[in-house]
Amino acid sequence: MKAPSLARQLLTWLIPTGLVLVAIGSLFAYQLAHRAATLAYDRALLDAAQSVTTQVSRVDSRLNLNLSPSTEQVLLFDNYDKIVYEVVDGNGNWISGTHGLTRPPKFENEEQFHYYDTKFAGQEMRAASMLAEKDGTAFIVTVAETLVKRDKLVREILLAMLVPELLLVVTTILVMYFAIRNGLGGIVKVREELAQRSHADLRPIPLDTVPVELRPLIADTNDLLERLSYSLQRHRHLIADASHQLRTPIAALRAEAEAALRSTDMRSAMERIAVNVQQLSSLAHNVLMLNRLEPGYIQHPLTIDLQALIGAAADRWLPLARERKIDLGFELDSASVPGEPIWLEELVSNLVDNALRYTPVGGTVTVKCGMAPDGVWLSVEDSGQGIPKAEREKIFERFYRSHPDDGEGSGLGLAIVREVANAHRAHVDVADGDELGGALIRVIFPQAG
């Protein structure tokens, strides 16, 4: 499903909102216009009723309306509406005017006039009734008219109010639409710049070309580009180093195979080939492990018991320890860390394997783990020569070996240790061993919180 544009989404919200506001404004405008028209024309009706009242006289104890034809014509003439009137006495007896008008509501207390809606000859009308008195005799004058000019005035007022409101809403929507399009111009430039880049160009996007509201998004994108650049560089270096390092064991393997074809002592030749194959396998395993260890932290860690993990893997290291006559010991306390079990096992294996290979024959290697106030710790100590301070940072570089002439090892073990430690937010420390006198490598994991 194609996602709508940002401008379209905003207009989808603005247009209905604007229409609702116009509808609400129309309702209020109609009520205001209707009230204004009613008030104005009601007063005119009351003035007409007062004019009729002045023409009422009393003759022989009876009320009479002396309304000349010219006066009646002036009273009843209107360009838009039909006007009728009626005069009745206090008892409701007809005196003069049009028969059939609806009588007004009863006058209460000191009320002198009423306005009310009525019907006459099938037409909606508005009426004004006035209570008056002539020589002590009460009478009621009612004047009513149709609603033509009232409705016309309401429409004119309503139109005068709604047209500017509609124009304002339409203008606002258009201005916001073009403002959004113009504001997104910076994003268009960013898109065009990225479209012109090659797949290897991961330079950060300039922030000064985009609106302030979008800068956090571009900043996060730059952060992603930086991590991608680091990851690509890391893989390029790994591939370059691995291709260089693989030449030696492959060349040696080829030489041994060619020598085996010429040799009569096949067993000795095959043993040398097996050693080279083992080194090549170890190198391939470590290269693949480094490739899997992407920068960043573990997203969904498990709770790992280091004591159980090390105890379960101990049998793998015993053959090499017996081969080199090394006393491999364990002092393990209960200690749990959040992490990935396969990676933590690889970290411990590389530390132990490194200690076993570089400890002199007949030496000692001790593996420990436990809890401390600042977190969980893991240490591997040996009785070898130790690691000079000048080399304690270099040993974690890929393919670095303190003794280049030593054919054992790939130079990747401690690089894997640091990568795994970084992935678990742990710190790797190298020092001189207090108990065995050789190298002491400690991995300190932060507290679970």
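Source: prediction; values computed, not measured.
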Point-to-point distance, once rounded to the nearest 0.5 Å, from [atom1] of [X] to [atom2] of [Y]:
X: Leu162; Y: Ser26; atom1: CG; atom2: OG; answer: 4.0 Å
X: Glu145; Y: Arg150; atom1: CD; atom2: CZ; answer: 5.0 Å
X: Leu356; Y: Leu351; atom1: CG; atom2: CG; answer: 11.0 Å
X: Arg103; Y: His114; atom1: CZ; atom2: NE2; answer: 14.0 Å
X: Ile395; Y: Ile441; atom1: CD1; atom2: CD1; answer: 5.0 Å
X: Gln123; Y: Thr118; atom1: CD; atom2: OG1; answer: 11.5 Å

Considering all heavy atoms, the nearest [X]-[Y] contact:
X: Ala335; Y: Val376; result: CB-CG1, 3.5 Å
X: Gly362; Y: Ile326; result: N-CG1, 4.3 Å
X: Leu332; Y: Cys369; result: CD2-SG, 3.8 Å
X: Pro360; Y: Ser383; result: CD-O, 4.5 Å
X: Leu46; Y: Ala128; result: N-CB, 4.0 Å
X: Gly339; Y: Pro301; result: N-CB, 3.5 Å

What I'd like to find out is whether the side chain of [X] reaches to under 4.5 Å of the side chain of [Y], using heavy atoms alone.
X: Val365; Y: Trp317; value: no
X: Arg155; Y: Asp151; value: yes
X: Glu340; Y: Val420; value: no
X: Leu440; Y: Asp434; value: no
X: Leu306; Y: Phe445; value: yes
X: Leu347; Y: His424; value: no
X: Tyr41; Y: Leu45; value: no
X: Asp117; Y: Arg126; value: yes

Just jot down the ring pair (Phe, Tyr, Trp, His ring centres under 6.0 Å) partners of Phe113, sequence neighbours excluded, or say none. Tyr115

State whether the side chain of Tyr80 and the backbone N or O of Lys152 hold a donor-acceptor pair below 3.5 Å, judged by distance alone. no

Got a donor-acceptor contact below 3.5 angstrom from the Asn354 side chain to the Asn350 backbone? no

Sort out for me which residue in Val417, Leu309, Val443 forms a side-chain contact (heavy atoms from CB on, under 4.5 Å) with Val348. Leu309

Show your working on salt bridge (Lys or Arg N to Asp or Glu O under 4.0 Å) between Arg418 and Glu393 and close with a plain yes or no. CA-CA 11 Å; Arg418 172 160 285 183; Glu393 283 298 322; 3.3 Å; yes

Please lay out, stage by stage, how Glu124 and Lys119 fare under the test salt bridge (Lys or Arg N to Asp or Glu O under 4.0 Å). CA-CA 5 Å; Glu124 298 287 342; Lys119 276 189 176 182; 3.5 Å; yes

Begin from the C-alpha positions of Ile310 and Phe330 and carry the test side-chain contact (heavy atoms from CB on, under 4.5 Å) through to its verdict. CA-CA 9 Å; Ile310 297 172; Phe330 299 90; 3.8 Å; yes

State whether Lys149 and Glu156 are salt-bridged, where the test is any N-O pair (Lys NZ or Arg NE/NH1/NH2 against Asp/Glu carboxylate O) under 4.0 Å. no

Test side-chain contact (heavy atoms from CB on, under 4.5 Å) on Thr38 and Val154 and set out the steps. CA-CA 9 Å; Thr38 300; Val154 169; over 6 Å; no

Which one of Lys389, Arg442, Arg392 satisfies the salt bridge (Lys or Arg N to Asp or Glu O under 4.0 Å) criterion with Asp432? Arg392

Residue pairs passing the side-chain hydrogen bond (donor to acceptor under 3.5 Å, both in side chains) test where at least one lies in residues 362-372, sequence neighbours excluded: Lys368-Glu435

If only side-chain N and O atoms count, and only distance matters, is there a donor-acceptor pair under 3.5 Å linking Glu226 with Asn222? no

Identify every side-chain donor-acceptor pair in residues 166-176 under 3.5 Å, counting partners at least two apart or on other chains, and give the distances.
residue, atom, partner, partner atom, Å
Thr171, OG1, Leu167, O, 2.6
Thr172, OG1, Leu168, O, 2.7

